[in-house]
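In each ligand, atom 1 is the first atom listed, and ligand 1 is the first ligand listed. Everything numeric here is computed off the predicted structure, so don't read it as measured data.
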Amino acid sequence: MKFVYFFGNGIAEGSGSMKDILGGKGAGLAEMVLANIPVPAGFTISAEVCDYYYKHNKTYPPSLKEEVEHNLKRLEEATGKKFGYKNNPLLVSVRSGAKISMPGMMDTILNLGLNDETVVGLANSTNNERFAFDSYRRFIQMFGDVACGIDKELFEDKIKEIKNKESVKFDHEISIDGLKWLVEEYKKIYSSQNKIFPQDVSEQLWVAIDAVFNSWMNKRAIDYRRINKIKEDELLGTAVSIVSMVFGNMGSDSGTGVAFTRDPSTGEKKRYGEFLINAQGEDVVAGIRNPYPLEHLKQISQQTYEELLNIFDILEKHYKDMQDVEFTVERKKLYMLQTRSAKRTAKAAVKVAKDMVNEGLITEEEALLRISTDQIDQLLHPFFDEKSKKQATLIAKGLGASPGAACGKIVFSAQKAEEIGSKEPVILVRHETSAEDVAGMAASVGILTAQGGRTSHAAVVARGMGKSAVVGCEAINIDYKNLQFSVNDVIVKEFDTISIDGSTGEVFLGEIKTVIPSGLDEDLAQILKWADKTSRLYVRANADTPQDAKTALEFGAKGIGLCRTEHMFFAPDRINIVRQMIVSKNTKERQQALDKLLPIQKEDFKALFRTMNGLEVTIRLIDPPLHEFLPQTKDAINEVAKNLNITPLELQETIKNLHEFNPMLGHRGCRLTITYPEIAIMQTKAIILAALELKEEGIDCIPEIMIPLVGIDEELKYLKNIIKQTADELIKEKNTTLHYLIGTMIEVPRACAVADKIAKEADFFSFGTNDLTQMTFGFSRDDAGKFLFDYLAKGILKEDPFKTIDTQGVGTFMKMAVEKGKPANENLRLGICGEHGGDPESIEFVNSIGLDYVSCSPYRVPVARLAAAHAAINNKTKENLD
Ligand code: ADP
Ligand code: MG
Ligand code: MG
């Protein structure tokens, strides 16, 4: 079996595709050799050896020693130098590197192969004694720190000492005698630590190789893999690359640098990098001296500089991606030491992907796969300035329910938020929120609740508004009376400033600067256009108001998948009419209230249809239980009773009558309109009249009327008849035609089981996965936050099912509904309007079961558009493999 792969002088046994066994670094070096880029020769010991090492009690495959020696010979031939020879000695670096770039493993050792004899040889062969001893002291220091575990401060102290003695500021100014003194002092450090610095170069090499393999299992590396969720069993381990040294510390015609082929923060096609003259390896990153911009290389040689730029182009064309490189110039000669695809900001990712399509480097699909949905999300919401965040105090963590960073003074009531929110940023802190708080939420920059999960009122409404929210933050104890909350010993009072991160769920004390992203700029708009072209699913938005609808359109929604009509009921000019309807003692009184509501609702729908200008709009009939519209506190009850012209006692009586033990399973959804068909009739009239009046203005719209919470086909049949009759009468009166649809939400498990029957009555299904998840698990949406934490922590659930569709359970019901529904009604349109409609993993799932569209909150639309494209591309790849 082959364990060692040689590269150099135009040949490479490995290649860029062998990251698994050569590590990112080794594969990159081999690939650069294949692309005719100057790289110092070397060889890579396969990560399979690391695997063997740990499976065989830290021993090596028997053939390894011979293979390494053989390749060392090849390296000597390639470089014309000899390892351990006094005359013109070969020096190498020993570098770790796994498939995935992983800080935490062993640091690189440079200049290996130097000892008391070879250092003299190096001085002679290069005619540069200063350089030889500088390399030697660097080697002894690195070998001590990295391979022998000697505290590096001990070495640093000595450097400080000699610099003081010689009154110089920088390492490269230390005299030759000073360097020689350092070498001797360093050796004394080894003895004082009971360690030996090996003079035998072969021993040096094997100690270093051992150290690399051992570092795979050191604490830093294990922690890094755990924190970043890197699965150990999917990796063989680390490879070891042994590379002949090239020297940037040979004087003023040498140097070392790092560079990005494009700007990693903006993505602009502008070389970006740093360079140090007369320096080696890590000097640039270590901050020993301030590095210069890349252009400084021209001072050494214009030609070398141009060669570097040319290599950038070759690399980009070769890898078809922006690269992050390390290089060294030895006496004007350029060598590349590392290349990898560069880390970049979200903004840069979008710009680079778009530009590379225009430059013909990658296809549109490749560009789409280069950008993650998280990056899109980042571009649409404010985020914390990293520096400022590092200085802040984290006091608690809840569920990150609506992304974005926010910072403001805290208030404890929606009313206060409304009063102050227009003047300065406030964060509304509540146990939970309810419909009454919506205006206060709108006036706040962020929302923090102690209770509730991802589909709690606070979470859903905040997402709809595109506002940052942290919910279910159980650690905070809210004291409404004293207007403060506490976390352990920390007390935070009204008007104190806090900062919250709605992506991570973090809550910080004090102010953290936030950065406002650029939003849907030209680059992102272009990428998303390509996404739409690629997708099978299209994206609609959940929008209740013309304002929401406008936002949705700006973000590229193709329609509205869910308009929740009850949200319209809470506006101040109509809530009393709604309440009047609820306290009515008979149908006649109820009808009077409904008659007042009708023109108002009609105008609402007209405004919405007008904004959407002919695009699809799904309107859901009233859904929540009626008690949600009634006041709760005594004061409010008194006031509302007065407004309604009834006694507080009468109002309390109604509230008592409407009380339910399990409101989530109670009198809501279609159950309400089955009891009170007149509500469905009023809403149907409002919708149809709005459409008819707009038609007269020349705006065509096809309203989609959606009936919630259907579990029995007879429910749908009953309501559909009423709706149809009402609608057709109005259309006939106007002596015109209007196409409209009647469909249902699929959110009760029973509906999935009888989907064939329901489909015969429905023009469309829209999966209401919030309720469907709630009812499938039997987890209350509003209370699940309390125990889901434990479920996730104990690994009982891998994922919050309210965030990502539980494909095994809830998903099986959905699939059943599709498989039964579609054959029963081949024109059946399929969508999803639950919160999962904006979740990339869930989108991948609904793509696979054949839905036609997803609907999500307006601010999530761009994420969903990209996720839909990713789903289509991945699906295609999967089909090709099958
Ligand atoms: P890291 O993974 O920390 O980047 P590297 O193995 O890339 O570690 O090396 C650390 C530094 O040493 C880099 O600046 C690299 O360019 C430099 N270096 C590594 N090998 C050599 C070599 N053979 N000659 C010159 N410089 C080298
Ligand atoms: Mg490196
Ligand atoms: Mg529902």
Taking 4.0 angstrom as the limit and counting only heavy atoms of R95, give me the atoms of ligand 1 inside it, by number and element.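 Under 4.0 Å from R95, ligand 1 has these atoms: 5 (P), 6 (O), 7 (O), 9 (O), 19 (C), 20 (N).
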
With heavy atoms of S93 as the reference, note each atom of ligand 1 found under 4.0 Å away.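 Here the atoms of ligand 1 in question are 19 (C), 20 (N), 21 (C), 22 (C), 23 (N).
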
Run down the list G281, G42, G257 and name the one with the heavy atom closest to atom 17 (C) of ligand 1.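 Nearest option to atom 17 (C) of ligand 1, by heavy atoms: G281.
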
Among M245, E326, M336, R340, closest by any non-hydrogen atom to atom 15 (C) of ligand 1: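 When every heavy atom of M245, E326, M336, R340 is considered, E326 comes closest to atom 15 (C) of ligand 1.
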
Regarding E173 and K163, does a basic nitrogen lie under 4.0 Å from an acidic carboxylate oxygen?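 Not counted as a salt bridge, because no side-chain N and carboxylate O are separated by less than 4.0 Å.
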
Would you find a donor on one side and an acceptor on the other, under 3.5 Å apart, between the side chain of R130 and the backbone of H172?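 It does hold such a pair.
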
Look only at the side chain of S301 and the backbone of L297, and say whether a donor-acceptor pair between them is shorter than 3.5 Å.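 Flag not set: sc S301 to bb L297 has no pair under 3.5 Å.
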
Once the angle between the rings of W206 and Y60 is folded into 0 to 90°, is it parallel (under 30°), tilted (30 to 60°) or perpendicular (over 60°)?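 If you compare the ring of W206 with that of Y60, the planes turn out tilted.
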
Step-by-step side-chain hydrogen bond (donor to acceptor under 3.5 Å, both in side chains) determination, T118 to N115: CA-CA 5 Å; T118 53; N115 59 23; 3.0 Å; yes

Hey, does V246 come in under 3.5 Å of ligand 1, counting only N/O atoms on both sides?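 N/O-N/O distance below 3.5 Å exists for this pair.
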
Looking only at distances, please establish whether an N/O atom of ligand 1 is found under 3.5 Å from an N/O atom of Q338.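 By distance alone, the answer is yes.
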
side-chain hydrogen bond (donor to acceptor under 3.5 Å, both in side chains) for S254 and E330? Distances and angles first, verdict last. CA-CA 5 Å; S254 305; E330 176 183 317; over 6 Å; no

Using the rule given for side-chain hydrogen bond (donor to acceptor under 3.5 Å, both in side chains), can you reason through N111 versus Q280, listing the C-alpha separation, both sets of side-chain angles and the distance that settles it, and then say yes or no? CA-CA 10 Å; N111 309 322; Q280 192 176 52; 2.9 Å; yes

Can a non-hydrogen atom of S244 be found less than 4.0 Å from any atom of ligand 1?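 Distance cut 4.0 Å: S244 passes for ligand 1.
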
Side chain, backbone, both or neither: the part of [X] lying under 4.0 Å from ligand 1 by heavy atom:
X: L110; result: side chain
X: V243; result: both
X: Q280; result: neither

Has Q338 got an N, O or S atom lying less than 2.8 Å from the Mg ion (ligand 2)?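 So Q338 does bind the Mg ion (ligand 2) by this criterion.
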
Which residues pass the side-chain hydrogen bond (donor to acceptor under 3.5 Å, both in side chains) test with N87, not counting sequence neighbours?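 So N87 forms no side-chain hydrogen bond (donor to acceptor under 3.5 Å, both in side chains) with any residue.
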
